[in-house]
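Whatever order the structure lists ligands and atoms in, that order sets their numbers, starting from 1. Predicted model only: the values in this text are computed from it and were never measured.
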Amino acid sequence: MSDAIKHECGIALIRLRKPYQYYIDKYGTHLYGINKLYLLMEKQVNRGQDGAGVANIKIDVPPGHRYISRYRSVASQPVADIFQKINKKFRKALKNNKEKARDARWLQENLAFTGEVWMGHLRYGTHGANEIENCHPMLRQNNWRSRNLVMAGNFNMTNVEELFDKLVSLGQHPKDEVDTVTVMEKIGHFLDEENQRVFDRFKGIYENPDLSDIIEDNMDLQRVLHRSCRDFDGGYSMVGMTGFGAAFVARDPAGIRPAYYYADDEVVVVASEKPAIKTAFNVEYNQIQEVKPGHALIIDKYGEYDEYEFIKPIEKRSCSFERIYFSRASDPDIYNERKMLGKLLIPQILQEIDYDLENTVFSYIPNTAETSFFGMVEGLEEYLAKQRKKAIMDGILFEQDLDRLLSFRPRIEKLVSKDVKLRTFITDDSQRDEMVAHVYDTTFEVIRKGVDNVVVIDDSIVRGTTLEKSILKMLDRLGPKKIIIVSSAPQIRFPDCYGIDMSKMKEFVAFRATLQLLKESGLENRVDEVYAQCVAAIESGNASNVNYVKALYDPFTHDQISDKVAEIVTPKDLKADVAVIFQTVENLRKACANHSGDWYFTGNYPTPGGNKVVNKAFVNFMEGKGVRAY
Ligand SMILES: O=P(O)(O)OC[C@H]1O[C@H](OP(=O)(O)OP(=O)(O)O)[C@H](O)[C@@H]1O
């Protein structure tokens with residue numbers, strides 16, 4: 001598959017359920033929908049910062065007027081860029097027509113982006129150049145309103161080749177072999193068929209101009225989605241709008257990618273994360289619902305909505321990396337889960353510092369790890385409370401000992417600051433090293449040189465670049481005796497192919513550590529065995545059955561791999577000792593009990609395509625091919 005594919009990671013949809021004039025009268029502005037979409041998107045910039053796009057549909061404009069508008073941007077602040085452009089357009093049109101700003105009919109007939117259905121998308125691209133063609137929403141246009149399709153998504157298919165071949169076997173001639181095009185054309189194909197089906201059913205009963213309305217009223221989007229998506233293997237939350245304003249949000253059968261919605265009599269709104277909806281519409285968390293796996297929220301032309309099963313749900317394996325890193329922690333569930341991740345690490349940390357709290361300073365790597373840091377501190381407090389109780393129960397003889405024990409607090413400092421509000425992990429590969437090296441800054445004069453240990457929590461260690469290129473050197477300059485890096489996520493051992501996109505084996509520091517361990521233990525033949533198994537499975541078309549790569553990790557304990565990671569990420573001239581502690585998979589499951597999508601750490605993929613991807617990724621690694629495996 002083309003390497004230029006982009007990962008589409010934040011979605012937003014707003015359907016205004018009342019006529020446009022209603023919002024102008026009630027809220028005193030013609031910008032109600034657009035302002036809400038802006039908020040929904042700004043609140044999801046954490047999901048993608050490389051590009052953005054919006055599209056809008058007007059439901060009731062006469063023929064001859066434009067009814068689909070779209071802007072996309074790859075500017076450095078893409079969301080702001082798009083909305084500035086739209087606002088400029090408004091200002092220009094209303095400059096000499098100020099009174100028209102309250103006239104819905106005039107606005108809809110004369111200005112773009114004044115429709116009732118809005119779609120927004122934030123792009124997260126980790127491969128290839130950052131080009132506008134890769135930005136969603138995508139358009140599939142037609143002179144029949146009901147055959148138009150606008151789509152945006154947070155998705156990745158593992159079987160794009162297969163899907164592509166099917167399109168070709170239908171006689172189509174797709175312009176590219178990337179999943180965006182394949183998925184859109186597939187849905188578009190069945191949307192065309194549905195148009196035809198309804199047309200055939202009613203032709204002869206109604207005259208042609210009326211037939212358009214009849215088609216729109218009788219089109220079955222559940223059926224379209226069922227027919228299009230049944231052979232998808234991947235993770236997806238896809239938003240679609242038809243030219244007549246019916247819309248859908250479809251979620252994969254394992255619920256891998258997230259989608260949430262809220263509805264009242266004025267709006268139906270969908271986003272990838274709950275906090276975006278909560279902030280933009282000022283609603284309670286318990287009013288926001290999750291789109292069920294294998295279901296689509298379908299909103300018809302009249303604004304009526306419901307969830308429909310379009311494909312049989314399978315075991316729910318929602319992505320745990322969303323909980324650990326990707327989503328905003330202002331979602332109350334995620335906040336608690338992250339805190340729990342921090343807290344559960346305490347026993348491993350105490351052991352590593354030999355229970356020496358007096359000579360240990362605790363801190364975190366901004367920004368995502370901040371929440372787990374709070375949990376870690378809570379865990380320390382709980383540990384201390386138990387120690388105090390024990391000492392009191394055991395009977396302390398001297399008053400000063402009791403004073404010391406009661407007044408002792410863990411030493412917490414802000415040692416690392418992040419200068420820009422950018423997520424380095426989801427930045428284009430080409431710029432990342434440079435950014436990682438300069439984005440952090442440190443606090444001097446709080447560490448006692450040669451005496452203190454420093455414990456620093458990060459949410460995840462993926463490639464190890466952040467540690468190697470920046471954090472460890474910076475912390476070492478403070479002069480600590482020992483640096484202990486704690487990861488709130490377990491060891492990332494296997495590639496992702498469902499949207500986060502961590503796809504190349506050799507990038508994972510835990511994988512590199514394991515290879516080194518295999519070499520040092522004289523078990524290198526295992527590497528060749530696994531390679532042979534993967535090749536054979538791919539050749540026989542059975543690569544989806546088993547994840548052969550798991551066997552590479554079997555000979556080693558969690559701690560052995562962690563120690564080797566520490567060795568790898570430690571720059572040669574570092575003075576302090578370095579240790580790395582990873583979360584265990586068992587504790588991850590405790591903390592994020594409802595989100596069992598943990599294939600990154602366990603290799604247990606939610607769809608068969610995952611096995612194929614990991615086997616292929618390993619073959620690519622062995623053959624020195626630096627390409628993605630799907
Ligand atoms: O081991 P690596 O491959 O270097 O990746 C892991 C780092 O990347 C992320 O930071 P990022 O800057 O994306 O985001 P944050 O500020 O939200 O933590 C994450 O929080 C880790 O610090």
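Evaluation of the salt bridge (Lys or Arg N to Asp or Glu O under 4.0 Å) rule for R477 yields no partner, not counting sequence neighbours. Under the ring-ring contact (aromatic ring centres under 6.0 Å, His included) criterion, F618 pairs with no residue, sequence neighbours left out. Scored by the salt bridge (Lys or Arg N to Asp or Glu O under 4.0 Å) test, E468 finds no partners at all (sequence neighbours excluded).
When atom types are taken as modelled, the side chain of R526 and the backbone of A551 share a donor-acceptor pair closer than 3.5 angstrom.
The distance between the ring centers of F374 and Y335 does not fall below 6.0 angstrom.
Closer than 4.0 angstrom to ligand 1 sit non-hydrogen atoms from Y325, P366, N367, T368, K418, R423, T424, F425, R432, Y440, D458, D459, S460, I461, V462, R463, G464, T465, T466.
When each of Q44, R47, K43 is tested with R328 by the rule side chain to side chain contact (heavy atoms under 4.5 Å, CB included), just one qualifies, namely K43.
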